[in-house]
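The structure appears below as C-alpha cells.
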Number of protein chains: 2
Amino acid sequence: MKYSKATNYALHTMLHLVITEPEQLVSVHQLADLQKVSPTYLSKILTKLVKAGMIESTSGANGGYRLSRKNPDPSFLEIIHAIEGQASLFECSQNHNEGCLIQQVMIHAEEQMENYLSNKKMSELAAEMKAHQR
Amino acid sequence: MKYSKATNYALHTMLHLVITEPEQLVSVHQLADLQKVSPTYLSKILTKLVKAGMIESTSGANGGYRLSRKNPDPSFLEIIHAIEGQASLFECSQNHNEGCLIQQVMIHAEEQMENYLSNKKMSELAAEMKAHQR
DNA sequence: GCGTGATTACTCGGATACAAGATGTCCGAGTTTGAGCGG
DNA sequence: CCGCTCAAACTCGGACATCTTGTATCCGAGTAATCACGC
C-alpha cells in the first residue's frame, strides 16, 4: 500500500497556492509545469480539491485556481482525504461476530497518524520555507 | 490507498497461531477454512511470514505451520512489513533539491502509526480474547 | 468610439486507453508420515 | 515382526489468468476576456 501520486500532486499544488499571493489566480498549466505533470490530469485532481472546498476555480480566459477564502489553510489530512477518500485503511471483510479486535487495533493506529496530519497545516511549511530562505 | 487483503489474512492467521498450543502444527487447509480463503493463496502469504522469521513450516504429512521459537510474539508492525514491504507510504518522486518538506511531514506521520503498531503485540489480543470469554 | 460578434484562453466532465499491482488458480516438485505387503 | 515400497498428505515455487485501481490522454462543452470589425 502506498499513497497515490495524485496525493503527491495535490499536496505540492496546495503548498504552492499557499505560498503565492492569496487572491492571485494560477492556471493549471503553470501548476503542471512546476511538477512535470500533464495539465489535464492535474486538473482532475484539482477538481476534487474544489469539491472538497479547499480551493476555488475561475473559468474562462485568465482563469485558474486559488485558495478558498473560507478554509485558506487546510491541514494535510484534509487534502489527503479529499484525494484518497475517507475510508479507513484497513477493513476486516471477515464477518466474525462484529468488533474484530484486529480491526480495532488498526483503526486506532490509523488515528495516531491522522491526529498528526490533522494538526499539520500547509502554512507551517510555507513559514518554514521562508525562514530557511534567509 | 488501502491495506491489502493479504495483510488481513496474515494478521488473522498469526492471531490464530498465537492462540493455539505453541508446538502444535496447523495445516494451511485449516487456516484457510477459518478465513474462507483458498489454501493455495494463503500459502503464498504464509511463505512470506516464514521468510520474515515469524513462523516455521514443516513439510510432509501432518506438516503445517506454527510460531517460530525465536520471535514467538511478533508485533503488528512486523507482520504488516512482512507482507506490505518496508517501503515508506509516501514518496515525493519530485527531485526538487532533496529534502522535500512535504515528504518529511509524511514520513513523520507514518512514524506515529508505526510506533503504535510496533508496540502492539499479538499476544495482547490473545489475552484480551481470553479475558472476554469468561 | 462603440457595441457586436468572433477568437482565444481557460476550466469542466465524460469516455477511453494503458499499466501495474492485488488477487487467485493450476500444476509439478520435494518431503515426511504411515499403511501395506512380503519375507 | 521387520524392512521395504508405495501411496497419501503435506509444503514450496513458478507460471499463469483475472480484476481492480491508479495514471494518463483525448475531446467536446461551457465560460470569460480580449480582439477585430462594421457602423
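No experiment lies behind these values; they were computed from the predicted model shown. We name chains A, B, ... by the order of the sequence lines, and we start the count at 1 in each one.
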- [ ] Would you classify A/Ser43 as touching base, sugar-phosphate or nothing, given that sugar-phosphate means primed atoms plus P, OP1 and OP2, and contacts are heavy atoms under 4.0 Å?
- [x] nothing
Open item on the list: Taking only side-chain N and O atoms of A/Ser4, does any of them lie within less than 4.0 angstrom of OP1 or OP2 on D/dT23?
Closed with: yes
- [ ] Rounded to the nearest angstrom, tell me the gap between atom CD1 in A/Ile45 and atom P in D/dT25.
- [x] 11 Å
TODO: Nearest whole angstrom, please: distance from the C1' of D/dG22 to the CD1 of A/Ile83.
DONE: 13 Å
Open item on the list: Please confirm whether the shortest side-chain N or O distance from B/Asn62 to OP1 or OP2 of C/dG34 is below 4.0 Å.
Closed with: yes
Open item on the list: Can you tell me if A/Lys48 has over 12 outside heavy atoms packed within less than 6.0 Å of its NZ?
Closed with: no
- [ ] May I have the distance from B/Glu91 (atom CD) to D/dG22 (atom C1'), rounded to whole angstrom?
- [x] 16 Å
TODO: Report the distance from atom NZ of B/Lys44 to atom C1' of C/dC27, rounded to the nearest whole Å.
DONE: 11 Å
Task: Donor-acceptor contact below 3.5 Å, side chain B/His16 vs main chain B/His12 - done: no
TODO: State which of D/dG13, D/dA8, D/dT11 makes the closest approach to the side chain of B/Ala61.
DONE: D/dA8
TODO: Give me the one residue out of B/Val28, B/Leu42, B/Thr58 that meets side chain to side chain contact (heavy atoms under 4.5 Å, CB included) with B/Tyr65.
DONE: B/Val28
Task: Gap between atoms CD and P, on A/Glu84 and D/dT20 respectively (whole Å) - done: 20 Å
TODO: Could you tell me whether a side-chain N or O of B/Lys120 sits under 3.5 Å from a main-chain N or O of B/Asn115, the two making a donor and an acceptor?
DONE: no
Task: Listed nucleotide nearest any side-chain atom of A/Thr40, set D/dT25, D/dT11, D/dG13 - done: D/dT25
TODO: Counting heavy atoms from C-beta on, name the nucleotide in C/dC26, C/dC12, D/dC12 closest to the side chain of A/Ser57.
DONE: C/dC12
TODO: List the atom of A/Cys92, the atom of A/Gln103, and the distance in Å for their closest heavy-atom pair.
DONE: N-OE1, 2.8 Å
- [ ] Would you mind classifying the nucleic acid contact of A/Tyr9 as base, sugar-phosphate or nothing, using non-hydrogen atoms under 4.0 angstrom?
- [x] sugar-phosphate
Open item on the list: As a test of reading the structure: which of C/dA9, C/dT23, D/dT25 is closest to the side chain of B/Lys5, going by heavy atoms?
Closed with: C/dT23
Open item on the list: What is the separation between atom CG on B/Asn8 and atom P on C/dG24, rounded to the nearest whole Å?
Closed with: 11 Å
- [ ] Take the protein atom CZ of B/Arg66 and the nucleotide atom C1' of D/dC10, then report the distance between them rounded to whole Å.
- [x] 15 Å
Task: A/Gly60 or A/Val37, whichever maps to the more 5' nucleotide of DNA chain D - done: A/Val37
- [ ] Using atom OH of A/Tyr41 as one end and atom P of C/dC18 as the other, report the distance to the nearest whole Å.
- [x] 17 Å
Task: Nearest-neighbour nucleotide for the A/Ala6 side chain, D/dC10, D/dT23, C/dG13 considered - done: D/dT23
